[in-house]
Amino acid sequence: MSANSELARLISKDLGIESDRLLKKSSLEDLKLALIRILNHFLDTDMSRLVNALYRIDISESKVKQILAISESNQIGNELAELIINRELQKIETRKKYGSI
């Protein structure tokens, strides 16, 4: 499984969305853009679902609060996507290192 598809699978699982929405993305940038659209949708329609997903992903609450407080509203999805991708990549590396993948 490629790193991007593993990343897409993890993000989909943690956000509780259909994996097809992210798995079809061929590059990391495409995956990020799709994730930003999903996050913006959650920000507009289901903030509690987003907060729960960020907790499952293990994103620091203080980082999320900081982004929500100081980021321009049109940049929040982008900032959260960066945090999510970086955290999920850390998980993948840790699992590879310790043989869980």
Side-chain angles (χ1 to χ4, degrees):
M1 184 178 290
S2 75
N4 278 355
S5 61
E6 179 65 16
L7 179 61
R9 187 190 62 74
L10 276 174
I11 292 171
S12 296
K13 179 184 71 111
D14 288 336
L15 289 179
I17 61 171
E18 293 179 29
S19 59
D20 289 350
R21 293 177 70 183
L22 296 177
L23 279 174
K24 294 178 181 175
K25 306 306 174 195
S26 57
S27 72
L28 186 58
E29 188 61 29
D30 289 342
L31 183 115
K32 181 180 173 186
L33 291 173
L35 179 57
I36 290 169
R37 283 191 297 275
I38 292 165
L39 293 172
N40 285 334
H41 175 74
F42 285 160
L43 285 163
D44 291 340
T45 63
D46 200 346
M47 189 65 170
S48 64
R49 181 176 176 186
L50 176 60
V51 169
N52 287 332
L54 293 172
Y55 177 78
R56 274 192 308 278
I57 295 169
D58 192 27
I59 301 293
S60 163
E61 184 179 346
S62 63
K63 287 181 182 178
V64 173
K65 285 182 178 180
Q66 182 180 13
I67 287 171
L68 293 174
I70 64 171
S71 295
E72 303 268 338
S73 62
N74 63 343
Q75 286 297 311
I76 293 173
N78 183 54
E79 299 282 333
L80 291 176
E82 296 257 342
L83 286 177
I84 290 169
I85 289 169
N86 290 334
R87 180 64 185 121
E88 296 290 28
L89 287 172
Q90 287 175 343
K91 289 180 187 179
I92 291 169
E93 287 304 311
T94 300
R95 290 175 183 164
K96 283 182 183 176
K97 184 176 180 180
Y98 295 103
S100 298
I101 290 182

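One-based numbering along the sequence shown. Values in this document were obtained by computation on a predicted structure and should not be read as measured data.
The stretch residues 53-64 participates, sequence neighbours left out, in these salt bridge (charged side-chain N to carboxylate O under 4.0 Å, His left out) pairs: Asp58-Arg87, Glu61-Lys65.
A heavy-atom distance below 4.5 Å is found between the side chains of Leu31 and Ile11. The closest side-chain heavy-atom distance from Leu10 to Arg95 is below 4.5 Å. Counting only heavy atoms from C-beta outward, the side chains of Ile85 and Leu28 approach each other to under 4.5 Å. At least one side-chain heavy atom of Ile57 sits under 4.5 Å from a side-chain heavy atom of Lys91. Counting heavy atoms from C-beta outward, Ile84 and Leu54 have side chains that approach closer than 4.5 Å.
Neither Leu15 nor Leu33 shares a network with the other; the hydrophobic side chains, linked directly or stepwise wherever heavy atoms of I, L, V, M, F, W or Y lie under 4.5 Å apart, form separate groups for each. Cluster membership check: Ile67 does not share its hydrophobic cluster with Tyr55, using side-chain heavy-atom separations under 4.5 Å among Ile, Leu, Val, Met, Phe, Trp and Tyr.
Checking side-chain atoms of Arg49 against main-chain N and O of Gly16 turns up a donor-acceptor pair under 3.5 Å. Here the side chain of Asn86 pairs a donor or acceptor atom with the backbone of Glu82 at under 3.5 angstrom.
Note that the CG atom of Leu7 and the CD1 atom of Ile92 stand 5.0 Å from one another [nearest 0.5 Å]. Atom CZ of Phe42 sits about 9.5 Å away from atom CG of Leu35, to the nearest 0.5 Å. The line from CG of Asn78 to CD of Glu72 is 12.5 Å long, rounded to the nearest 0.5 Å. Atom CG of Leu80 and atom CD1 of Ile36 lie 9.5 Å apart (nearest 0.5 Å). Between the CG atom in Leu22 and the NZ atom in Lys13 there is a gap of 14.0 Å [rounded to 0.5 Å]. Note that the CG atom of Leu23 and the CG atom of Asn4 stand 10.0 Å from one another [nearest 0.5 Å].
Salt-bridge formation is not detected for the pair Lys32/Glu29: no Lys NZ or Arg NE/NH1/NH2 atom is positioned less than 4.0 Å from an Asp or Glu carboxylate oxygen.
For the pairing with Ile76, the side-chain contact (heavy atoms from CB on, under 4.5 Å) check across Leu39, Leu43, Val64 returns one residue only, Leu43.
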